[in-house]
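Lettering of chains follows the sequences in order, A, B, ..., and the numbering in each one begins at 1.
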There are 2 protein chains.
Amino acid sequence: MEASYRRIVGDIRRRIEAGELRPGDRVPSARAITREWGVAIATATKAHAALREEGLTIARPGVGTVVAGPVPRREHELSRERIIKAAITIADEHGMAELTMRRLAAGLGVATMSLYRHVPGRDELIIGMIDVAIGAVRLPARRPRDWRAGLEIVAREEWAIFQRHPWLGRSMSLTRPQMAPNGVRLSEWVLATFDGTALTMAERMYVQIALLTFVRGLAAAIEFEQEAVRETGLTSDQWLETQETTLAGMIEAGTLTRFEQLTADGFDFDLDQLFEFGLARLLDGLTLFVDARS
Amino acid sequence: MEASYRRIVGDIRRRIEAGELRPGDRVPSARAITREWGVAIATATKAHAALREEGLTIARPGVGTVVAGPVPRREHELSRERIIKAAITIADEHGMAELTMRRLAAGLGVATMSLYRHVPGRDELIIGMIDVAIGAVRLPARRPRDWRAGLEIVAREEWAIFQRHPWLGRSMSLTRPQMAPNGVRLSEWVLATFDGTALTMAERMYVQIALLTFVRGLAAAIEFEQEAVRETGLTSDQWLETQETTLAGMIEAGTLTRFEQLTADGFDFDLDQLFEFGLARLLDGLTLFVDARS
DNA sequence: CGCATTTGCGTACGGTGTACTCGCATGCCT
DNA sequence: AGGCATGCGAGTACACCGTACGCAAATGCG
């Protein structure tokens, strides 16, 4: 009769090879083996050692003996990635103010404090959200020959991201844009866009920041605009009312003729148009600058 | 012997004329008169009526009989103005996060809930702060002939305000800029700057918003910069460290040559330079636009 | 004298982020 | 076989927030 620990090793190996136990899963613990196979704990330890020897498993004190190999994505388990994704969903749909740790945990079906095993705190969570959001920017692998076209692509891409994530504009200033890994990737792409020009790296960076600043500044208005919509359009009335009482006194003083004319014409905010207008002006100005450098 | 209520009226009138009781002060109440002059309450009421008849006082139910006339500034008393000013001071010095109603009240030496007699809530307080801050913008009465010069003045003035109040950039998008009375005043000035051009009011508004958006976007970075300084410079190190570990992996991949070169050159953020650069480019672009319209 | 009204302010509530702690399961050492 | 340090999940508790509510005192008035 073969040594009983060899039988245990064989059983477990079979389970691994059958895919019953996948990489990252916990093999039966020593205590569990004693119960399952009816052996002493020494035997169980010996089996563990043999498995480890074969490279099939690795032992992690405090957690268990785990099947070796690249850990596959495990959808149902809590992870930093999954938390961030859920947080982004909440922020997108209900606004940043609604993103609380409790609500986030409830949405994930876990206890509040469990989040803190994967994320240091709310601020760091937001930084992670920013990075993931920026990471969604898709830049064409083939860089356009024209720097202006490249810049326009980036700006439009950023604008799209800001629209998809209304909270992003106001949260981004929490951190230096470069801090997030995906921000660095974006920066590099923009810097490279100017490769055909005489601009120094510092100058390119200035250009990039000027552009991003404008887009981000405009994006900061998105959240408010959306919040206004969320609040049952009441804000629109309320705004009108406030404006009315506010303006009444000033118009009486007769010093607001142009502003009055503007509102009479039914001027309306359209963020997309504002974006297009500002982008065109900024790119025009940058063109003058780049041309002067060449 | 004269009617005793006439004596009381005389006494009180003397106090008022002597400046002992100033406009807005409360004249002795009916109860107080009965105690002070030893008369019946009917007499006291009669005295009050006589004073009111003379136009010296006005009666305000629930508060008292008050000396008539324009109410002078009363430094030591709580007022919406004083609250807003104190709030701005706190936000300037310690950041918006430190601005709590409790702390604000403590700084003013009053109970927390006393604030709510003068301010509906924190949000409205912030709106008031924004308005006061914007109200500090000093525009020359004599408008420059050149629209570009005018725009530059406004932009620099706004930038100065944003620097003086680091919280302003992030808070302003809470509301439409026009909501605050002083914002309207500013808008009107900018609109008027283009009087010599062919721009429609809507176009002028677009120009203004584009400019303000850029300035505000850049201003959003001020708060973080200041916060970094506040946190004992640790953030600077921490940032470097994060950047190091972050970049290490990416540089290894060999895809960040330009960014690497930038940091090697010791590129440093200088918000003022960024402002100047962006402003110049934006104004250049706007010039092309305005010229094309003429 | 009773009344409604104004004012100042204390208490309390429902919410937040998160520090702390406890129980449990683990691999390892003696 | 038993004791150990370790890792993990989760519950409890704390400090703090904005502010609704209500009470007590003072007032002019009928």
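In this structure, CD of E98(A) is placed 18 Å from P of dG14(C), rounded to the nearest angstrom. Between the CZ atom of R31(A) and the C1' atom of dA1(D) there is a distance of 10 Å, given to the nearest Å. In this entry the distance linking CG of L115(B) with P of dT7(C) reads 16 Å, nearest Å. Taking atom NZ of K46(B) as the reference point, atom P of dG30(D) lies 16 Å away to the nearest angstrom. Per the geometry, NE2 belonging to H48(A) stands 16 Å off C1' belonging to dC29(C), to the nearest Å. Atom pair M96(B):CE and dC17(D):C1' shows a separation of 15 Å (rounding to whole Å applied). Atom CG of L104(A) is separated from atom P of dG17(C) by 9 Å (rounded to the nearest Å). Across the protein-nucleic acid pair, M101(B) atom CE and dG15(C) atom C1' stand 17 Å apart, rounded to whole Å.
Of the listed nucleotides (dC4(D), dG2(C), dC1(C)), dC1(C) has the atom at the smallest distance from the side chain of I41(B). Of the listed nucleotides (dG17(C), dG8(C), dT19(D)), dG17(C) has the atom at the smallest distance from the side chain of Y116(A). Residue R117(B) places its side chain closer to dG8(C) than to any other of dG8(C), dG18(D), dC1(C). The side chain of A111(B) sits closest to dC9(C) out of dG28(D), dG11(D), dC9(C). Taking the side chain of S29(B) as heavy atoms from C-beta on, and the options dC4(D), dG28(D), dA10(D), the nearest nucleotide is dG28(D). Of the candidates dC9(C), dA10(D), dC3(C), dC9(C) carries the atom nearest the M113(B) side chain, counting heavy atoms from C-beta on. Of the candidates dT26(C), dG8(C), dG28(D), dG8(C) carries the atom nearest the H118(B) side chain, counting heavy atoms from C-beta on.
With hydrogens and angles disregarded, no donor-acceptor distance shorter than 3.5 Å links the side chain of N182(B) to the backbone of I134(B). Checked by atom type and distance alone, the side chain of R14(B) never pairs as donor or acceptor with a backbone atom of V9(B) at under 3.5 Å.
Across all strands, L99(B) comes closer than 4.0 Å only to sugar-phosphate atoms, never to a base (heavy-atom distances). At the heavy-atom level, T112(B) lies under 4.0 Å from base atoms of the strands shown. Contacts of R103(B) with the nucleic acid, taken as non-hydrogen atoms under 4.0 Å apart, are absent. R26(A) comes within contact range of no nucleotide atom at all, as no heavy-atom separation falls under 4.0 Å.
Remark: the R122(B) side chain and the dG18(D) base include no donor-acceptor N/O pair separated by less than 3.5 Å. The base of dG27(C) has none of its N or O atoms less than 3.5 Å from a complementary donor or acceptor on the side chain of R52(A). The base of dG15(C) does not come close enough to the side chain of R102(A) for any donor and acceptor atom to sit less than 3.5 Å apart.
Dashed line: the shortest gap from a side-chain N or O of S114(B) to OP1 or OP2 of dG8(C) is not under 4.0 Å. Remark: T100(B) is in phosphate contact with dC17(D), judged by side-chain N or O atoms under 4.0 Å from OP1 or OP2.
The nearest pair of heavy atoms linking I90(B) to R103(B) is CD1-CG, 4.1 Å.
Considering only residues two or more places apart in sequence or on other chains, V132(A) meets the side chain to side chain contact (heavy atoms under 4.5 Å, CB included) condition with I84(A), I88(A).
Closest-nucleotide positions on DNA chain D for R60(B) and P120(B) were compared, and the one nearer the 5' end corresponds to P120(B). A residue-by-residue look at E124(B) and A59(B) shows that E124(B) has its nearest nucleotide of DNA chain D further toward the 5' end.
Among I126(B), D92(B), I130(B), the single residue meeting the side chain to side chain contact (heavy atoms under 4.5 Å, CB included) criterion with L168(B) is I130(B).
The pair R216(B)-E158(B) does not meet the salt-bridge criterion, since no charged nitrogen lies less than 4.0 angstrom from a carboxylate oxygen.
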